[in-house]
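Letters go in sequence order (proteins before strands), and every chain restarts at 1.
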Protein chains: 2
Amino acid sequence: MTVTKKRLSERKHQAILDAAAEEFMEFGFQGANMDRVASRAEVSKRTVYNHFASKESLFESITRQIWHQAQTATDVPFQADVAIADQLLNIAERELALLESPHYLRLTAVVLAEFARSQELATQARDWVKQEESGARRWMDQAVAAGRLNTDDAETATTQFFSLIKGRAFWPQMIEHAPIPTAAEQARIAQSSVALFLDHYGLKDDR
Amino acid sequence: MTVTKKRLSERKHQAILDAAAEEFMEFGFQGANMDRVASRAEVSKRTVYNHFASKESLFESITRQIWHQAQTATDVPFQADVAIADQLLNIAERELALLESPHYLRLTAVVLAEFARSQELATQARDWVKQEESGARRWMDQAVAAGRLNTDDAETATTQFFSLIKGRAFWPQMIEHAPIPTAAEQARIAQSSVALFLDHYGLKDDR
DNA sequence: CACAGAGTAAACCGCTCAGTGTAATATAGT
DNA sequence: ACTATATTACACTGAGCGGTTTACTCTGTG
């Protein structure tokens, strides 16, 4: 179990994960072909099955990676001494930054498609979406508690805020394979979402 | 080619379409099984293939039905003499009414999953989404032209309006299989979406 | 060199499934 | 009764694919 030896095996392991991600991105879960995964990874099929018990478990591993990435994206602390608009802008930008990775985007599409297809996974899906917005949700709770937003329903507000962003810079990319917005477009989306949101929820003396 | 003769064949045709819809809803496109479609439709497999050349073409036929349903949902005329808020509320309610049909919902999920999976269908998907919002989009254009909305970007406004609704009453049902909102919840969603939208885009003297 | 753990190639198993061919039967108008 | 068209049962083809087995090789270490 020396260093180099371990590394070889680990490289294979990672190669398989990468190849599988590619494969899932291109063909979805059902369409993915384990022979192709092996050949993509430049590894024998048997090696794939030595590292992962089944297609399912391989998919799970990939899913968990995506999970983690989204989870930490919008997790920012509430700062009482910073303008609400600026903080929301920051959150929006973090969310939008996720789109920059086509890898993330395509894999998320596959995972969501699986969720949409199977009710069994609905519970997982619920966790998933919650995780993704949980950081911002905490922020929103604190903003409401601090009396800096004109509502007592932080959950609705959170959903609405993200809906405004995702409706223009997530779902179109998921479903229509729309091009990823340029930095300028992202800025516009972030700003107009915040503006729309704060015209309703913002306090007059907070700008 | 008499009436009754035609009717028999047409009944089979429709039975196949219905059965296929069921099957696609339950298993998705790839998972759907043509033998099961036939047995669901209480029709021989050969008859299925006499009516539809392939699984794909059967799926296309189903897709087109959904198309049509969504297309006409929010197609309302702009009325210069009615308050903007009331008209928007009407559009929102029409959009929300689509959710009442689990049939529509589940099939849309399957279709969208297929779109998310394949770039080839991206073009079709783009048309699809445009169609769906085109009614409201026309309304929005006219409202802007009539100077009743405080913007000159009807497209963004349309997207934002629908994002607010769908973020709470479409995507959660698609992805997380969230329960369909009750009538009371739907009313709340419609009202708060319109309120949020008009606080930004509405004119002060229009309420 | 010897050894062990990991990797490899390729055949293989079992099963699923889209789609077809066929020959018999049913339907409904004339 | 005759005819044209639909429908049916069912066997079958051919391909794809998840996963396994086997017999062999490679790599790095002690």
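- A/Gln87 contributes a side-chain N or O that, together with a main-chain N or O of A/Gln79, makes up a donor-acceptor pair within less than 3.5 Å.
- In this structure, the CZ atom of A/Arg11 is 12 Å from the C1' atom of D/dG28, given to the nearest Å.
- Rounding to whole angstrom units, CG of residue A/Asp35 and P of C/dC12 are separated by 15 Å.
- No donor-acceptor contact under 3.5 angstrom links the side chains of A/Glu114 and A/Gln30, judged on distance only.
- Backbone-only engagement by A/Glu42 is indicated by non-hydrogen atom pairs under 4.0 Å involving sugar-phosphate atoms exclusively.
- Rounded to an integer number of Å, the gap from A/Met34 CE to C/dC13 C1' is 17 Å.
- Between B/Glu10 atom CD and D/dT5 atom C1' there is a gap of 15 Å when expressed in whole angstrom units.
- At whole-Å resolution of the value, CG in B/Leu58 and P in C/dC17 are 16 Å apart.
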### Summary
A correct 5'-to-3' footprint of nucleotides 9-16 of chain D, with B, S and - meaning base, sugar-phosphate only and no protein heavy atom under 4.0 Å, is B-------
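- B/Ala32 comes within 4.0 angstrom of sugar-phosphate atoms only, judged by non-hydrogen atoms across all strands, and of no base.
- Of all heavy-atom pairs between A/Arg168 and B/Ser163, the closest is N-OG, 4.5 Å.
- Counting only N and O atoms by type, the side chains of B/Thr47 and B/Ser44 include a donor and acceptor under 3.5 Å apart.
- Checked against the 6.0 Å centroid threshold, A/His13 and A/Phe52 count as a close aromatic pair.
- What separates NE2 of A/His51 from P of C/dG5 is a distance of 15 Å, to the nearest Å.
- Taking only side-chain atoms of B/Ser54, from C-beta outward, the nucleotide of C/dG19, D/dT8, C/dT8 with the closest atom is C/dG19.
- Of the candidate nucleotides D/dT20, D/dT7, C/dA18, C/dA18 has the atom nearest to the side chain of B/Tyr49.
- Contact between A/Ala169 and A/Ile189 at its shortest, heavy atoms only, is CB-CD1, 4.0 Å.
- For C/dG5, neither phosphate oxygen OP1 nor OP2 lies less than 4.0 angstrom from any side-chain nitrogen or oxygen of A/Ser9.
- Atom-to-atom, NZ of B/Lys55 to P of C/dC17 comes out at 8 Å; the value is rounded to the nearest Å.
- In this structure, CD of B/Glu23 is placed 14 Å from C1' of C/dT16, rounded to the nearest angstrom.
- Contact annotation for B/His13: no contact, since no heavy-atom pair falls under 4.0 Å across all strands.
- In this structure the side chain of B/Asn33 never reaches within 4.5 angstrom of the side chain of B/Phe27, judged on heavy atoms.
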